[in-house]
Amino acid sequence: MSELRVGIVVGSASDLEVMRKCGEVLDTYDIGWEIGVMSAHRAADTVRAYAGAARDRGIRVLVAGAGAAAHLPGVLASLTPLPVIGVPLAATPLAGFDSLLSIVQMPPGIPVATVAVGDMGARNAGHLAAEILGVNDSAVLAAIERHRAAMRENVQLPEGFRPS
Ligand code: RP5
């Protein structure tokens, strides 16, 4: 089993289905991760305890997915110097625009690296976490380069395509 290095947290169990895709991406880089449900407004003490212990437990990057007012990523970032990636989720009639603005608009000093809303963002959070870890990990860096090479090969005209 890969060593734990990324902590994924979500504000509600209803966020798990989308955010598990972040973990699936981390698996492709052989990066160990865990996922937990902890609401910044319904379980603030749990968030504080988790953020406080994360670094000593080996976690180097935190990914936080949340919908609606979506303060979980910012609160986490306020409690630890570890980099925090925020994933805005679509959980209300505003379809994620509310959580996008909540997460991306952190005032200077306590940043949250914000990715796209929903599925795309969950997956990119995994890739971005790998890139952060890749700065000091040549195996992860090599895996990123392999992934990008594979993507490059798929950017081409489909076989047999003829302009009409
Ligand atoms: C946020 O409110 C959660 O991150 C979730 O996206 C949203 C709705 O939560 P539930 O009402 O489904 O628990 O805190």
Side-chain angles (χ1 to χ4, degrees), residues 1-135 140 143-144 147 151:
M1 207 167 97
S2 326
E3 185 191 353
L4 172 65
R5 284 188 289 173
V6 176
I8 305 171
V9 298
V10 296
S12 166
S14 62
D15 301 324
L16 286 170
E17 206 43 49
V18 174
M19 289 305 296
R20 73 191 312 160
K21 290 171 186 160
C22 176
E24 287 166 11
V25 167
L26 292 168
D27 283 341
T28 68
Y29 293 113
D30 206 18
I31 293 169
W33 57 278
E34 64 181 9
I35 192 162
V37 180
M38 56 192 77
S39 164
H41 58 284
R42 289 176 284 205
D45 290 347
T46 308
V47 175
R48 180 178 289 278
Y50 184 79
R55 202 169 186 290
D56 286 346
R57 295 180 55 237
I59 290 172
R60 293 294 175 261
V61 182
L62 289 164
V63 176
H71 38 283
L72 179 60
V75 168
L76 261 186
S78 78
L79 295 168
T80 171
L82 292 173
V84 176
I85 303 170
V87 185
L89 299 176
T92 77
L94 299 186
F97 195 48
D98 43 0
S99 41
L100 170 64
L101 294 181
S102 292
I103 295 173
V104 80
Q105 286 291 80
M106 281 297 285
I110 308 287
V112 171
T114 309
V115 290
V117 174
D119 186 279
M120 284 198 310
R123 289 157 58 195
N124 258 353
H127 292 294
L128 182 54
E131 289 177 10
I132 294 168
L133 294 168
V135 170
V140 172
I144 291 167
H147 164 73
M151 284 181 73

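Each residue takes its place number in the sequence, starting with 1. Read the numbers this way: they start at 1 and go in the same order the structure lists the ligands and their atoms. In this text, all values refer to a predicted model and were calculated from it rather than measured experimentally.
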Suppose the criterion is side-chain hydrogen bond (donor to acceptor under 3.5 Å, both in side chains): which pairs have a residue in residues 46-55, not counting sequence neighbours? Glu34-Tyr50
Judged by atom type as modelled, is there a donor-acceptor pair below 3.5 Å linking the side chain of [X] to the main-chain atoms of [Y]?
X      : Y      : answer
Asp56  : Ala53  : no
Thr114 : Val112 : yes
Ser102 : Ala69  : yes

Within a strict 4.5 Å, meaning less than it, do heavy atoms of the Arg60 and Ile132 side chains meet? no
Filter the ligand 1-protein atom pairs down to N or O on both sides and distance under 3.5 Å, then list them.
| from | atom 1 | to | atom 2 | distance (Å) |
| --- | --- | --- | --- | --- |
| ligand 1 | 4 (O) | Asp15 | OD2 | 2.7 |
| ligand 1 | 4 (O) | Gly67 | N | 3.0 |
| ligand 1 | 6 (O) | Asp15 | OD1 | 2.6 |
| ligand 1 | 6 (O) | Asp15 | OD2 | 3.4 |
| ligand 1 | 6 (O) | Gly67 | N | 3.1 |
| ligand 1 | 12 (O) | Ser12 | OG | 3.2 |
| ligand 1 | 12 (O) | Ser14 | OG | 2.7 |
| ligand 1 | 13 (O) | Ser12 | OG | 2.7 |
| ligand 1 | 13 (O) | Arg42 | NH1 | 3.4 |
| ligand 1 | 13 (O) | Arg42 | NH2 | 3.2 |

Interatomic distance, CG@Asp119 vs CD@Glu17, rounded to 0.5 Å, equals 10.5 Å
